[in-house]
Amino acid sequence: MADAERLAALERLKTQVRVIEGRTDPVAAARRARRLAGQSASREGRGVSLGAPEIDALLGGGLSPGLHELRPESYFDAPAAVAALAGLLARAAAARPGPVLWVRAKTGAIAAHDFGAPDPAGLAALGLDPARVALVEARDAADLLWAMEEGARSKGVAAVAGEIGPSPAFGRVAARRLQLAAKAANGFVVALRGSHGHAPSPAETRWSVAASPGAEVAWQGAGATPGLGRARLALTLERLSEAREPLLAPKTFIVEWIDAADGFRLAAALADRPARADGGAGLALRRAGSAGGADAA
Amino acid sequence: MEGRDSPFAAPDRPAALTRPEAGALRLASLNAAAEADGLCRGQALADARAVLPGLVVAPSDPAGDARALYALARAAARWSPLVAPRPQGRDDEDHDHGLAIDATGVAHLFGGEAALLADVLARLKTRGVAARAACAGSFALAWGLARFNPRAGTGLVVASSRDAARAARDALPVEALRLPPDTLGALRLLGLKTVGRVLAQPRGPLARRFGRGLILRLDQMTGEQREAIEPLLPAPPCAVRARLVEPLVLREGVVEATRRLAVELAAALEARAEGARALQLSLFRVDGRVFDLAVGAARPTRDPVHLARLFAERLERVEIDLGFGVDVVELAATAVERCDGEQASIDPDTDELRSTRDLAALVDRLAARLGRDAVKRAAFRQSHLPGRASGWRGVGEAAPLSISPRKRGETRPLAVDCDVGGAASLPPRSGGRSRGRQGAETLIRLATPERVDAVAEVPDGPPRLFRWRKRLHRVIRAEGPDRVAPEWWRENARTRDYFRVETAEGRRFELARDGLFARETDAPVWYVHGAAP
């Protein structure tokens, strides 16, 4: 018993060190997460937690199987929404066995809303093993929805992502079909929609995603500009299905992605820490880091 | 084989097809009635009309004839997998249209060779094709018998006994040897009017006088020289078929028949320790039309449930007119690969195998409906250009999916720009690119980088401002450059500096400057390559 506790504590500490040093091996992290997630490999009733306890508590433990919707807050937030989508998939793939299906419109079909296809190397960096991903490029909206539904119905699929975009074909009926299919087969489906013009939808949850200025770092990036810290996303929970406690007002969380094992983490704890209350040396370091950012902004 | 649709359907009216030749319309082919009235091929149409004013005439359509012949050959696959339409090529001297069917080992399925020929003739007759058929020990002999033996009209079988074959052969006219017209004329002048007479001559003088072509034809006729046919479709490595007493007229029946055949095919594949990578379902309609449905598998499979489901998807999607029914269903594995039995892991949580199998099954189902190019797997390549190093490849494209994920640290081939397995588990550690942070790979990448107007403070520095998709983006943080030298084997490629930038709103993009300022170009061009995170 004592051994098990010691090992668990060690594992936690290792994770923390990896997070601090920013050198987690993403795919290994995903394997570890799967190991930690539980013994049984069945996906029955298994939700997908985001990793941040504050958000998971609000969701009642995590995102339940079913349809979830993401939308970018504005046109140029679409890449951020894809990042959130990929993060959710990585979490789902870590928690549930089976392949991941990523459905999108054929490249160039709606050029103005196309920010590009996911890059396998980018997915791997997030902790989603690209060997588990099948990408479907659908010719039209009907094929796209069919492929999503097929994935949702398939028992062996960990998660389905659909970049639906601002397509009018995805109305209330289509969303309901997907939701029912996913519920019936315990599938986890995430639909990425356009930035505006939404009918009410039967999805379990709906999130609005925006980019958020990244974590500050103390090193110089390129030229005289500061470097890039961890990317941050502003996730706004807009809708939570009636089954759970009502969501009175949209709630916004600023999150950072750690890796597939640890998922998202609230950035607020770091960002809002009163820097000036720290000791002198720490203060000096932070100033040096934030100075460039202040200049540029 | 001669057959014409209406208005030539009435065989007792003389009819002919014409084609322009040597400055006049000439008769290309005739029916029996016209031949009986003394017309012959090559005769000018004007002369023929003078002889027979009531001659029915239509222009010949060689391309249409060839198409019809190919359709007929495809339908003839119900009798044997090896069928060749004749003539096959331009240099084939075979002017009469015909089919060569290799009936080796299939005749017993139809109750013997005579019954097989009767079936062939009966089916062709219902299609409106008048045919003569013969079965013999060599293609050359069968060819000659079908055309020149009067009994071929009802299906002629020459017994394999030497004497019977010799008698039938020797009685054939020299035309049965498929020789050029001038050789034929010379043989006839010499009084060698039958194959038997020619065969009786000493070979040496014959070869000197007429060349090796005649000797070759004689050897083919006697069976000394093997004659190969070029089948329309290569014989599949593994195929099963069902012959149905009652034709299937409903789609559900076809699905059920396919399900049963899939079980048989799976057993056959298992006996060979192989799995199918490509399959074809052929439906032979009673009136001679054939429908082919092809599906592919992402990895070799012989799971009957999976195979049947793939075809069920396809059958649902395609429009097939079953007409009066389908009486032969054939399921063939057109491409097979070695596929040994698999040992599943005891620990289901780390069962990579099951995961791979689930994915392959899903991919096949999607590909059966959406097309094999619409479903893609990750593919990695050895390249320093981030856009080229990783990407997606349709499951229908050349490289097969590797079943075993590539392990970290495994050595990679040193060939430049080679594909390293279809679904390698891990991307190559990005070559010379030194990334500051883990997870700094660009997540989404534009298919075609988009040109932007950008302003940089210093020539080698990151952009401070860029305009993309009608909006000005102000860069407040940046990382880079990752300088990637051009691949020397590409012409006109320039050095690229990749920057990852964050705008004031926190949006992250990957930009690249094409060309080094002052050294390669005076006006470097900026492109947006991708975005997030």
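Note that the structure is predicted; figures quoted are calculated from it, not measured. Each chain gets a letter, A, B and so on, in the order its sequence line appears, and its residues count up from 1.
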Original post:
Given that the side chain runs from C-beta out, which part of Glu505(B) has a heavy atom under 4.5 Å from chain A: side chain, backbone, both or neither?
Top reply: backbone
Original post:
Side chain, backbone, both or neither: which part of Leu443(B) has a non-hydrogen atom closer than 4.5 Å to chain A?
Top reply: both
Original post:
Side chain, backbone, both or neither: which part of Ala504(B) has an atom under 4.5 Å from a heavy atom of chain A?
Top reply: backbone
**OP:** Please lay out, stage by stage, how Trp468(B) and Phe115(A) fare under the test ring pair (Phe, Tyr, Trp, His ring centres under 6.0 Å).
**Re:** CA-CA 12 Å; Trp468(B) 184 46; Phe115(A) 281 84; 5.7 Å; yes
Subject >> salt_bridge(Glu450(B), Arg469(B)) N-O dist < 4.0 Å >> reply: yes
Subject >> Partners passing ring-ring contact (aromatic ring centres under 6.0 Å, His included) against Trp257(A) (at least two apart in sequence or in another chain) >> reply: Phe264(A)
Original post:
Non-hydrogen atoms of chain A under 4.5 Å away: do they reach the side chain of Val375(B), the backbone, both or neither?
Top reply: both
Original post:
With chain B, which of Ala80(A), Ala211(A), Gly87(A) has the greatest number of heavy-atom pairs at distances under 4.5 Å?
Top reply: Ala211(A)
**OP:** May I ask you to name which of Gly391(B), Ala361(B), Gly530(B) has the most heavy-atom pairs under 4.5 Å with chain A?
**Re:** Gly391(B)
**OP:** Verify, without hydrogens or angle tests, whether Trp207(A) (side chain) and Ala81(A) (backbone) share a donor-acceptor contact under 3.5 angstrom.
**Re:** no
**OP:** Could you tell me which of Leu233(A), Val103(A), Val136(A) has the largest number of non-hydrogen atom pairs under 4.5 Å with chain B?
**Re:** Val136(A)
**OP:** Give a yes-or-no answer on whether the side chains of Ser195(A) and Glu73(A) include a donor-acceptor pair shorter than 3.5 Å.
**Re:** no
Original post:
Would you call Arg467(B)-Asp453(B) a salt bridge at under 4.0 Å N-O?
Top reply: no
Original post:
Looking at Ala478(B), Gly461(B), Ala531(B), which has the largest count of heavy-atom pairs under 4.5 Å with chain A?
Top reply: Ala478(B)
Original post:
Which residues pass the ring-ring contact (aromatic ring centres under 6.0 Å, His included) test with His473(B), sequence neighbours left out?
Top reply: Phe76(A), Phe466(B), Phe509(B)
Original post:
Where on Ala147(A) is there a heavy atom nearer than 4.5 Å to chain B: the side chain, the backbone, both, or neither?
Top reply: both
